[in-house]
Amino acid sequence: MPKSTVVPQPSALAVGLLEDAGRALFLVRKNLLGVESVELPCVLISTGENPVASLANAFRQQTGIDAQVHEILFERRHNTGTRKRKHWIPVLVFKITAKSASAKPGSGFAGCKWISSNDLGKFRLARMCQWL
């Protein structure tokens, strides 16, 4: 009989918000059908991890920008479970600053876009950003 393995649930979602002139940096993903979705640079945090260090590392890998992580701007909630079995975790949105905002998206991303909050409704949000 196979042993059941319990996958540890993340304890939080750390998100980096890099703003410039009223716009925020979003990463673009394309699925197998070519449909684009946008998401903010983020990382799931496990219990005991440092969210600032993890976010700084993930932000560099995802955007190619050497950024500095500052204070938490606001908090939300994100469902990492399913629609039927919800598992809510906090979303910690950190302020990000960088000397150069020239992004070189990492593997898994099709590009990046600077999007204002007014124009965000025109884009499809990725699963990790549905809390927006």
Practice task
Could you state whether F74 and I72 fall into the same hydrophobic cluster, counting links through intermediate Ile, Leu, Val, Met, Phe, Trp or Tyr residues with side-chain heavy atoms under 4.5 angstrom apart?
Solution key: no
Fill in the blank from the handout: dist N57:CG -> Q62:CD (nearest 0.5 Å) comes out at 9.5 Å
Exercise for the section: Please lay out, stage by stage, how V28 and F109 fare under the test side-chain contact (heavy atoms from CB on, under 4.5 Å). Expected result: CA-CA 6 Å; V28 178; F109 298 103; over 6 Å; no
Practice task
Count the heavy atoms belonging to other residues, nucleotides or ligands that lie under 6.0 Å from CZ of R124, then report whether that count exceeds 12.
Solution key: no
Problem - Donor-acceptor contact present, side-chain N79 to main-chain W88, <3.5 Å - result: no
Handout entry: Heavy-atom side-chain contact between L44 and M128 under 4.5 Å
Key = yes
Handout entry: Hydrophobic cluster membership, L27 vs F123, 4.5 Å side-chain cutoff
Key = no
Handout entry: Rounded distance (nearest 0.5 Å) linking atom CZ of F59 with atom SG of C42
Key = 11.0 Å
Practice task
Please round to the nearest 0.5 Å and tell me the distance separating atom NE2 of H78 and atom CG of L92.
Solution key: 12.5 Å
Handout entry: Distance-minimising heavy-atom pair for P41 and T63
Key = CG-CG2, 3.7 Å
Handout entry: Closest non-hydrogen atom pair, W131 against R77
Key = CB-O, 3.4 Å
Problem - Note, L125 side chain near V38 side chain (heavy atom, < 4.5 Å) - result: yes
Practice task
Identify the two heavy atoms, one from S11 and one from S46, that lie closest to each other, and give their separation to 0.1 Å.
Solution key: OG-C, 3.5 Å
Exercise for the section: Mind listing the closest non-hydrogen atom pair of N50 and V52 along with its distance? Expected result: OD1-N, 3.0 Å
Handout entry: ILVMFWY cluster, L25 and L17 together (side-chain gap under 4.5 Å)
Key = no
Completion exercise
Taken to the nearest 0.5 Å, the spacing of C112 SG from I65 CD1 works out to 7.0 Å
Tabulate below the donor-acceptor pairs under 3.5 Å that side-chain atoms of residues 95-108 make, not counting sequence neighbours, or state none.
from	atom 1	to	atom 2	distance (Å)
T97	OG1	H70	NE2	2.6
S100	OG	S102	N	3.4

Handout entry: Heavy-atom closest contact (V43 atom, A58 atom, distance)
Key = CB-CB, 3.7 Å
Practice task
Group every Ile, Leu, Val, Met, Phe, Trp and Tyr by side-chain heavy-atom contacts under 4.5 Å, then state whether I45 and L73 land in the same group.
Solution key: no
Practice task
Measure across E49 and S54 and return the closest heavy-atom pair with its distance rounded to 0.1 Å.
Solution key: OE2-OG, 3.1 Å
Problem - Point-to-point distance, once rounded to the nearest 0.5 Å, from CG of L55 to CG of L13 - result: 9.5 Å
Exercise for the section: Taking the side chain as every heavy atom from C-beta outward, state whether F26 and L40 have any atom pair closer than 4.5 Å. Expected result: yes
Problem - Of all pairs that satisfy side chain to side chain donor-acceptor pair (under 3.5 Å), the ones with a partner from residues 13-36, not counting sequence neighbours - result: R29-E39, E36-K113
Exercise for the section: Taking the side chain as every heavy atom from C-beta outward, state whether W114 and L18 have any pair of such atoms under 4.5 Å apart. Expected result: yes
